[in-house]
Amino acid sequence: MIDFALDDELALLRDTTRDFGASWLHPREREHEAARTVAPEVRETFAEIGLAGLELPEELGGAEMGALARVLVLEELGAADAGAALDLDPLGPAFYGLRALGAERLREFLPALLREPGARAVLVVGDALEVRGDRVHGSVPWVPADRVDLLVSLGREEILLVQEGIEREAVRGAGLRCAGASSVVLDGAPLRARLRDPQASADALARARLYVAALLVGVMRAAADTSRAYALERVTFGRPIAHHQSLAFLIADMASAVEGSRLLVQEAAWRLERGLDTSEACATAFLEAVEQSMFVTPNGIQILGGHGFMQDYPLEKWMRDARALGLLLGGADAAREEAGAELAADDGPVELSVPEA
């Protein structure tokens, strides 16, 4: 018999994170959005629980629990407030690029990031930055942060690390407002570290995509659950609107979208923990989470009708957060291209033959 239940340690971790989100994040989401950061007491509580150090080495004070523990925590945080999840994590997806640079770099940069409240490492993906000699030039129009203490850039061939000379300008932003929003310009910033290793860059990108995909699963789960609860309470023509067939089918499709995305995310995490090749699995999980979130969150608003667009309900926020998360790490198009290339490489060339007449 196959048992899909979590073990006691993972179940406790998930439940602890869910309680934290329900008590400290979700009730304050509008307050945190307006402030563009979480309250100090929320940050202190998060640090006491130790959720930011799940994947850190034990020698640096982390729990070293692995990818599955991380995605479980991120789903719960995403369901509470995805912007706050990014703001609370000083490393975020940038951790994977930093780790690829080696243990020495982790020991050099992690303590300061973990020690100073509000410090942030930011990850950018693509070829927006250019190295000339030992200086870095380029610009990034949007990152979800109001502070950039460390910038990690993942290109196809190399990983770059910049600590100084980062010019940042705050922008309004639409989603993930609690995390902040900035444009970043590097005009001759000193290059702190560089690693030319396509495989290391691809692995870091795969793990970063899984990080964001787990947040997206949490966001769409919250949207699906809240809109379903509303549909069970809202009565028209003598019965809850959830009992009308067309809406019942939609609610079921939304639940299926959440579950399907979660399974792909957890399978990719399982593959990571076993050392399997995961570039295609993580790209697929990210792509599915992005596409399904664009189905779930707008339909959650539609179920609430006009109420869905009002700030009295969190549905409009979840749709904004889902769209912003979907733009990270090159967005869905880059993930689709990579997943498709992996599949084509696995299958080999396709030969077509036409039977003779």
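Only one option out of T45, T16, V73 pairs with L51 in a side chain to side chain contact (heavy atoms under 4.5 Å, CB included); it is V73.
L86 and V171 fall within the same hydrophobic cluster, defined by Ile, Leu, Val, Met, Phe, Trp and Tyr side-chain heavy atoms under 4.5 Å apart, directly or through other members. There is no path of hydrophobic side-chain contacts, each under 4.5 Å, that joins M220 to L287. In the hydrophobic clustering of this structure, L232 does not group with L315; members are Ile, Leu, Val, Met, Phe, Trp, Tyr whose side-chain heavy atoms approach within less than 4.5 Å, directly or through other members. Linking ILVMFWY side-chain heavy atoms closer than 4.5 Å, directly or via other members, places V185 and V152 in two distinct hydrophobic clusters. The hydrophobic clustering, which links ILVMFWY residues whose side-chain heavy atoms are closer than 4.5 Å, places L250 and Y313 together.
Using a 4.0 Å cut-off between a side-chain N of Lys or Arg and a carboxylate O of Asp or Glu, R147 and E116 qualify as a salt bridge. By the 4.0 Å N-to-carboxylate-O rule, E158 lies close enough to R194 to be salt-bridged with it. Salt bridge K317/D81: present, at least one basic N to carboxylate O contact under 4.0 Å. Under the 4.0 Å criterion applied to side-chain N and carboxylate O atoms, R320 and E33 are assigned as salt-bridge partners. Between R262 and E259 there is a salt bridge, with a side-chain nitrogen of the basic residue lying less than 4.0 Å from a carboxylate oxygen of the acidic one. With respect to the salt-bridge test (charged N to carboxylate O, under 4.0 angstrom), the residues R43 and D87 qualify. E75 has a carboxylate O that lies under 4.0 Å from a charged side-chain N of R221, or vice versa, which qualifies the two as a salt bridge. A salt bridge is defined here as a Lys NZ or Arg NE, NH1 or NH2 lying under 4.0 Å from an Asp or Glu carboxylate O, and R192 with E108 meets this definition.
Across all non-hydrogen atoms, the minimal contact from C282 to A206 is CB-O, 3.2 Å. Contact between A181 and G173 at its shortest, heavy atoms only, is CB-CA, 3.9 Å. Nearest heavy atom pair, residue G330 against residue A334, reads O-CB, 3.5 Å. Residue C178 comes nearest to A84 through the heavy atom pair SG-CA, 3.6 Å, listed as atom of the first residue, atom of the second, then distance. The minimum heavy-atom distance linking W142 with A324 is given by the pair CH2-O, 3.7 Å. Residue S227 comes nearest to M254 through the heavy atom pair OG-CE, 3.5 Å, listed as atom of the first residue, atom of the second, then distance.
Between the R274 side chain and the W270 main chain, a donor and an acceptor come within less than 3.5 Å of each other. The main-chain N or O of Q302 is never found under 3.5 Å from a side-chain atom of N299 such that the two would form a donor-acceptor pair. The backbone N or O of A179 lies less than 3.5 Å from a partner atom in the side chain of R120, making a donor-acceptor pair. Without hydrogens or angle criteria, R168 side chain to D146 main chain gives a donor-acceptor distance under 3.5 Å. With hydrogens and angles ignored, the 3.5 Å screen pairs no side-chain donor or acceptor of E157 with any backbone N or O of R196. Side-chain atoms of S201 come within 3.5 Å of backbone N or O of G155 as a donor-acceptor pair. Side-chain N or O atoms of S293 include one that pairs as donor or acceptor with a backbone N or O of V290 at under 3.5 Å. Although no hydrogens or angles enter the test, the distance criterion places a donor-acceptor pair under 3.5 Å between the side chain of E64 and the main chain of E58. The main-chain N or O of E130 is never found under 3.5 Å from a side-chain atom of H137 such that the two would form a donor-acceptor pair. The backbone N or O of G175 sits nowhere less than 3.5 Å from a side-chain atom of D321 that would complete a donor-acceptor pair.
Under a cut-off of 6.0 angstrom, the local environment of CG in D8 is sparse, with at most 12 non-hydrogen atoms contributed by other residues, nucleotides or ligands. Atom CD of E104 sits in a sparse spot, with 12 or fewer heavy atoms from other residues, nucleotides or ligands closer than 6.0 Å. Other residues, nucleotides and ligands contribute more than 12 heavy atoms inside 6.0 Å of the CD atom of E41.
Using a 4.5 Å heavy-atom cutoff, the side chains of L77 and D89 are not in contact. Taking the side chain as every heavy atom from C-beta outward, M294 and E291 never approach each other to under 4.5 Å. The side-chain heavy atoms of I159 and D197, taken from C-beta on, include no pair separated by under 4.5 Å. The side-chain heavy atoms of Q311 and R30, taken from C-beta on, include a pair separated by under 4.5 Å. Under the 4.5 Å side-chain criterion, counting only non-hydrogen atoms from C-beta, L56 is in contact with F95. In this structure, L110 and L98 have side chains that are in contact, with non-hydrogen atoms separated by less than 4.5 Å. The shortest distance between side-chain heavy atoms of F109 and Q163 falls below 4.5 Å. With contacts defined as side-chain heavy-atom distances shorter than 4.5 Å, the pair E55/M65 does not qualify.
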*With side chain to side chain contact (heavy atoms under 4.5 Å, CB included) as the test, would you mind laying out the steps for L88 and F20 before giving the verdict?*
CA-CA 12 Å; L88 285 167; F20 170 78; 4.1 Å; yes
*Are L161 and L195 close enough, and set up right, to give a side chain to side chain contact (heavy atoms under 4.5 Å, CB included), and what steps lead you there?*
CA-CA 9 Å; L161 182 65; L195 174 66; over 6 Å; no
*Take W318 and V296 through the test side chain to side chain contact (heavy atoms under 4.5 Å, CB included) and record every step on the way to the result.*
CA-CA 10 Å; W318 288 328; V296 171; over 6 Å; no
_Does Y96 form a side chain to side chain contact (heavy atoms under 4.5 Å, CB included) with L91? I'd like the steps, not just the answer._
CA-CA 9 Å; Y96 306 113; L91 303 169; over 6 Å; no
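Ring pair H244/F237 is perpendicular by interplanar angle, where above 60° counts as perpendicular and below 30° as parallel.
Atom OG in S279 sits 10.0 Å away from atom CZ in R207 (nearest 0.5 Å). E76 CD to L215 CG: the interatomic distance, rounded to the nearest 0.5 Å, is 11.5 Å. One distance of note links CG of L72 with CG of L68; it measures 4.5 Å at 0.5 Å rounding. Remark: L205 CG to R156 CZ distance equals 9.0 Å, nearest 0.5 Å. Atom CD in E233 sits 10.0 Å away from atom CD1 in I241 (nearest 0.5 Å). For the atom pair L210 CG and R70 CZ, the distance stands at 10.5 Å (nearest 0.5 Å).
A donor-acceptor contact under 3.5 angstrom links the side chains of T284 and E280, judged on distance only. Remark: the D225 side chain and the Y230 side chain contain no N/O donor-acceptor pair separated by less than 3.5 Å. At a cut-off of 3.5 Å, with distance as the only test, no side-chain donor of E29 or H32 sits close to an acceptor on the other residue.
Residue V184 shares its hydrophobic cluster (ILVMFWY side chains chained together at separations under 4.5 Å) with V122, V124, L129, V131, V136, V140, V143, V148, L151, L160, V162, I166, L186, L191.
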